[in-house]
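Everything on this sheet refers to the single structure shown next.
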Amino acid sequence: MIKSMRKYLGLLVLFVITIANAQEKKASEKAKDSIIKTEVVKVVTSYVPKITDAFKIKQKPIIKHTKETQKKALEYTIFSVPVASTFIPKSGVMKKVDLGKRETLYDNYFSLGLGNKITPFLEAYIRQNESYNSELGGHLKFLLSADPVEKTRLSSTFYDLSLNLFYAQQERYLNWRAGIEAARNKHNWYGLPTNINFTDATISAIEEEQSYTSFKVFGTIKFDDSYLEEGNAAVSFLTDGISSSEFLIDGNAKFRLPLDNFHRQLNDLYINTTLSYLGTKFENEYATRGELKHSFFNLGVHPTYNFRVQDLAIKIGAKAYFSLDLENRNNNFFIYPDVEISYPIVKDFANVFVGASGDLETNTYKSLSSKNPYISPTQKLLQTNTKYNAFVGVRGKLDGQFSYNFKASYTDIENNPFFAVNQSKSNGDNIAGVDAFSFYGYDYGNSFNTIYDDIKKTSFFGEVAFEGVKNLSIGLNGQFNNFTLTKELEPWNTPKINGELFGTYKTDKWFAGANLFFVGERKGKLYEVLPAKNFSTITMDAYFDINFNGGYHFNDSFSVFLNLNNILNNSYQRFNNFNVQGFQAMGGLTWKFDTIF
């Protein structure tokens, strides 16, 4: 066992010696490797180019693009969208502006007056709210003048009475209004011809009174957001003291068609449609005892479209009518332009406009008697066809104080109405014809007939207004007409020149106004005594008519007024043989209030 231990011990010593020698050898090799050797190191700097070293191109190269590499033209479309402004203005001190005393507004008023020549006047307006969205109201007006014209052998008394009642209702998406109008007007055929000597017996036999009684039922409806924007309808009836009658149905509807569904920059298209029926009956024609009837039926459409091209404002439209003359059994179709273009030469100061229009108007007994109440109830009614009306003009404002409007036009009109005096059927002694029928009150050369003629008219119109002085405004307008007639010798009872000068002044307590009218010479007919049927042309003198009105406010509710008409007391003739009333003065009181209940 001791031998074995010696054997293992010797092996262990030999293993340790071997390991120690190996470690020493590695240490000597490592020391040998750590010795630094000497070598030559070459340092090379980076290249710094110079301008003279650059390679210069001798000529500009030509680059050819293929179809695929060519540049495409870009198109830009700007779509403007409103954007809320983020600008916040700096607060400052408001400049004091004298707005004057604010006028108190009332729902109702009552006015009563009296003038010379026994001229009472009454006007009242009553309005009552039934609820927050409805109202009921009425307007009454009455004026009478007892035989105001001097040096006339027949009575010139007249009166005008009108009453208007209405009810209005506002709904959620629409509002409507309905009512009735009634009127009665009395006038006398007092203008006898001056070349006939009427006896007292003949004068006493003349029944010169004529009265017009009319009724009208009307209704209108307006929609807030609908293709149908507005609709109107009316039924009218007129009768006179000679048993004439007229029935009129009139309606129109206005449509608004949005076109932005087709293109966002398109405006709305407006289309106005009309429908009317007229039936008029006269008991007699002027020359015979036969009945005279007229009947027309019209359908119309009027589209308009408005748009702008930069500063150029353009309106494009047309009017088309289909008309039936039921008595004469014929029909016609009419088309008219409705175009206007305007351009501001100097913005807000000068705006030039040019355009053309036309229209079809059915002359009614009521419309003619409103223009001339002394017509005879024997009228021939025709439709006035304005083929075209071409116009050009300029309008604008100067320094915010002066405004002006000048216009020149050329019009071609078919069946333009003129008023010409009828020939007297009496020679001054007789009051009945050879047929033993007594004459009517209009058969003594003291009434007018409507004569139609195809004309061409050149007109020049101008107006200016000034509002540069506090509480004061004045204006002036005038018109010149030149007529080219086809059959008639003169434009009967129609002036070639007319004008007006007007002004108003108002303070907290006082108010005043003035009007000066000028009407140029007119031509009229003077018939010879029957059996001759010839006539001569007479000239009616031009005239001035100056009128003043004014008043004083005691308070917000009560005021007095004074009207002075025809201050120069001119006895001019508005129509052939019909002198007007001279100087007229009327004073009265006005009361304004909120409610009477």
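If you read the sequence from its start, that first residue is 1, and numbering goes on from there.
Of the possible polar contacts, none joining the Glu229 side chain to the Ser226 backbone as a donor-acceptor pair under 3.5 Å is found. Remark: side-chain polar atoms of Tyr190 are paired, donor with acceptor, to backbone N or O of Asn579 under 3.5 angstrom. Formation of a donor-acceptor pair under 3.5 Å by the Tyr572 side chain with backbone atoms of Asp545 is not found in this model. Gln479 contributes no side-chain N or O that, together with a main-chain N or O of Asn477, makes up a donor-acceptor pair within less than 3.5 Å. Counting only distance, with no hydrogens or angles, the side chain of His553 and the backbone of Val560 share no donor-acceptor pair below 3.5 Å. Of the possible polar contacts, none joining the Asn547 side chain to the Ala514 backbone as a donor-acceptor pair under 3.5 Å is found. The backbone N or O of Ala253 lies less than 3.5 Å from a partner atom in the side chain of Thr273, making a donor-acceptor pair. One N or O on the side chain of Gln210 and one on the backbone of Gly241 form a donor-acceptor pair closer than 3.5 Å. At least one donor-acceptor pair closer than 3.5 Å links the side chain of Asn108 to the backbone N or O of Arg127. A donor-acceptor contact shorter than 3.5 Å links the side chain of Glu208 to the backbone of Ser155.
Annotation: cation-pi geometry not satisfied between Lys216 and Phe237 (NZ/CZ under 6.0 angstrom from ring centroid, within 45° of ring axis).
Across Phe448, Phe578, Trp189, a single residue satisfies ring pair (Phe, Tyr, Trp, His ring centres under 6.0 Å) together with Tyr374, and that is Phe578.
Counting heavy atoms of neighbouring residues, nucleotides and ligands inside a 6.0 Å radius, atom CD of Gln169 exceeds 12 of them. Heavy-atom neighbours of Tyr173 OH from other residues, nucleotides or ligands within 6.0 Å: at or below the threshold of 12. With a 6.0 Å radius and a threshold of 12 heavy atoms from other residues, nucleotides or ligands, Lys222 has its NZ atom at or below the threshold. Annotation for Phe583: atom CZ counts as buried by contact number, over 12 foreign heavy atoms lying within 6.0 Å. Within a 6.0 Å sphere centred on CZ of Arg574, other residues, nucleotides and ligands contribute 12 heavy atoms or fewer. Around atom CG of Asp225, no more than 12 heavy atoms belonging to other residues, nucleotides or ligands sit under 6.0 Å away. When the shell of 6.0 Å around CD1 of Ile249 is examined, it contains more than 12 heavy atoms from other residues, nucleotides or ligands.
Atom CD in Glu361 sits 5.5 Å away from atom OG1 in Thr384 (nearest 0.5 Å). The OH atom of Tyr343 sits 10.5 Å away from the CG atom of Asn351 when rounded to the nearest 0.5 Å. Taking CD from Glu123 and OG from Ser162, the interatomic distance works out to 8.0 Å, rounded to the nearest 0.5 Å. Rounded to the nearest 0.5 angstrom, Ser243 OG and Lys281 NZ are separated by 7.0 Å. Rounding to the nearest 0.5 Å gives a distance of 8.0 Å between OG of Ser211 and CD1 of Ile242. Note that the CG atom of Asn415 and the CG atom of Leu382 stand 5.0 Å from one another [nearest 0.5 Å].
For Gly138 against Phe166, the heavy-atom pair with the smallest separation is N-CE2, 3.9 Å. Gln170 approaches Asn175 most closely through the heavy-atom pair CA-CB, 3.8 Å. Considering all non-hydrogen atoms of both residues, Leu228 and Phe223 come closest at O-CD1, 3.1 Å.
For the pair Asp338 and Lys315, the salt-bridge criterion is met [side-chain N within less than 4.0 Å of a carboxylate O]. We find that Lys117 and Asp147 are not joined by a salt bridge, their nearest charged nitrogen and carboxylate oxygen being 4.0 Å or further apart.
By the 30° and 60° cut-offs, the orientation of the rings of Tyr125 relative to His139 is tilted. Using a 30° and 60° split on the angle between ring planes, Tyr212 and His187 fall in the tilted class, from 30° to 60°. Ring orientation note: the planes of Phe282 and Tyr365 are nearly perpendicular, at an angle over 60° on the 30°/60° scale. Between Phe391 and Phe353, the ring-plane angle classifies as tilted under the 30° and 60° cut-offs. Ring-plane geometry between Tyr552 and Phe554 is classed as perpendicular, the angle between the planes exceeding 60 degrees on a 0 to 90 degree scale with a lower cut at 30.
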Could you walk me through whether Glu327 and Ser295 pass side chain to side chain donor-acceptor pair (under 3.5 Å), step by step? CA-CA 6 Å; Glu327 289 295 327; Ser295 184; 4.9 Å; no

Kindly indicate, with the supporting measurements, whether the criterion side chain to side chain donor-acceptor pair (under 3.5 Å) is fulfilled by Asn566 and Gln581. CA-CA 8 Å; Asn566 195 2; Gln581 182 178 351; over 6 Å; no

Side chain to side chain donor-acceptor pair (under 3.5 Å) evaluation trace for Gln383 with Thr362: CA-CA 4 Å; Gln383 292 181 310; Thr362 302; 3.0 Å; yes

Check step by step if side chain to side chain donor-acceptor pair (under 3.5 Å) holds for Asn232 and Thr220. CA-CA 4 Å; Asn232 300 277; Thr220 181; 2.6 Å; yes

